[in-house]
Amino acid sequence: MVAPGFLSRTCPVELLLEIFKQLPSTQDALSFALTCRHINDVWCRNATSILLALWRRNSEFPAVEEALIAARMTKVVVEAEQADRLPPTDVRPGDFSINDGGAPTILELQSARALHHLARALSVAFCHHNVLLPTGRQWRVDNHGNQISGPLERTPEELSRMPEWSARVHKAIYRTMI
């Protein structure tokens, strides 16, 4: 039995980080962060590493590394255009990886998440290219944004394999952007 107030007052930061990283979803991590000031402090100081660990571990954000590389490379292009110059041509995607490009910032994760939403929309369009959206609503996604149902003759994989299909499609979309 844990002593009352242990997590909220004296729990080591390392233990809280491990708890955060084992939660099943981003929403659960956000909810946990709101339980007390001490836990919220840990969240605020470590949100990027917590989110990255969660997204890598579960299927909530397929191909997060590729999305981050695409977001970072997009930023380089946007900055070049804003400076009224051509973007560099001698860049390598590996230079923008987490290993070489450093830990992501919150803004980079937000950009990668925006690309994730675009990839979700495109994967739905791949499944149902002639369905009118959003009024058609003949498709449904699960809590992770994976296509899980629709007209059976139109799903590209069996329902049990749709998360795997979705991850492959997301990775291909990000690599195309890169």
Side-chain angles (χ1 to χ4, degrees), residues 20-32 47-81 87-178:
F20 268 115
K21 291 175 183 179
Q22 296 306 314
L23 294 171
S25 71
T26 303
Q27 186 59 46
D28 291 330
L30 292 172
S31 296
F32 185 54
T48 56
S49 65
I50 293 167
L51 287 171
L52 201 53
L54 282 172
W55 292 343
R56 280 178 168 161
R57 186 177 48 80
N58 63 30
S59 61
E60 185 175 346
F61 191 157
V64 63
E65 283 90 358
E66 283 82 359
L68 184 59
I69 291 170
R72 286 175 168 178
M73 292 183 82
T74 299
K75 181 181 176 196
V76 169
V77 172
V78 167
E79 288 172 351
E81 286 181 358
T89 57
D90 60 343
V91 295
R92 298 176 320 183
D95 295 340
F96 296 89
S97 72
I98 294 168
N99 296 334
D100 292 336
T105 65
I106 285 291
L107 289 176
E108 289 174 334
L109 287 182
Q110 288 173 336
S111 296
R113 189 75 175 171
L115 291 177
H116 168 66
H117 290 295
L118 174 63
R120 280 178 36 192
L122 290 172
S123 67
V124 169
F126 291 154
C127 285
H128 306 288
H129 61 279
N130 62 354
V131 173
L132 297 175
L133 300 176
T135 57
R137 298 223 187 258
Q138 295 180 8
W139 53 274
R140 182 168 64 91
V141 294
D142 65 10
N143 292 339
H144 304 297
N146 299 311
Q147 175 77 29
I148 58 171
S149 70
L152 289 179
E153 67 277 2
R154 291 193 178 172
T155 56
E157 286 285 349
E158 298 173 16
L159 290 180
S160 63
R161 294 196 53 187
M162 283 306 292
E164 179 186 345
W165 178 87
S166 180
R168 288 193 321 259
V169 168
H170 281 227
K171 190 176 224 177
I173 290 168
Y174 302 138
R175 288 191 174 186
T176 300
M177 290 176 186
I178 292 169

To the nearest 0.5 angstrom, please state how far the [atom1] atom of [X] sits from the [atom2] atom of [Y].
X    : Y   : atom1 : atom2 : answer
L51  : K21 : CG    : NZ    : 11.0 Å
S49  : I98 : OG    : CD1   : 11.0 Å
I178 : T74 : CD1   : OG1   : 8.5 Å
F20  : L30 : CZ    : CG    : 8.5 Å
R57  : S25 : CZ    : OG    : 9.5 Å
L23  : I50 : CG    : CD1   : 9.0 Å

From P104, S97, P93, residue fulfilling side-chain contact (heavy atoms from CB on, under 4.5 Å) relative to R72: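 Of all the options given, the one that passes is P104.
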Between [X] and [Y], what is the shortest heavy-atom contact and its length?
X    : Y    : answer
A71  : A112 : CB-N, 3.8 Å
D95  : R92  : OD1-NH2, 2.7 Å
L115 : A67  : CD1-O, 3.7 Å
A80  : P87  : CB-CA, 3.6 Å
L54  : A29  : CD1-CB, 3.6 Å
S160 : P163 : O-CD, 3.8 Å

Looking at side-chain heavy atoms only, is the closest gap between [X] and [Y] below 4.5 Å?
X   : Y    : result
T26 : F61  : no
T48 : I106 : yes
L68 : Y174 : no
E66 : M177 : no
V76 : M73  : no
F96 : V91  : yes

Set of residues satisfying side chain to side chain donor-acceptor pair (under 3.5 Å) with respect to S111, sequence neighbours excluded: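 Applying side chain to side chain donor-acceptor pair (under 3.5 Å) to S111 gives none.
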Main-chain N/O of R161 paired with E164 side-chain donor or acceptor, under 3.5 Å: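 No; zero donor-acceptor contacts below 3.5 Å.
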Main-chain N/O of Q27 paired to S31 side chain as donor or acceptor, under 3.5 Å: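 Side chain of S31 to backbone of Q27, a donor-acceptor pair under 3.5 Å: yes, one is there.
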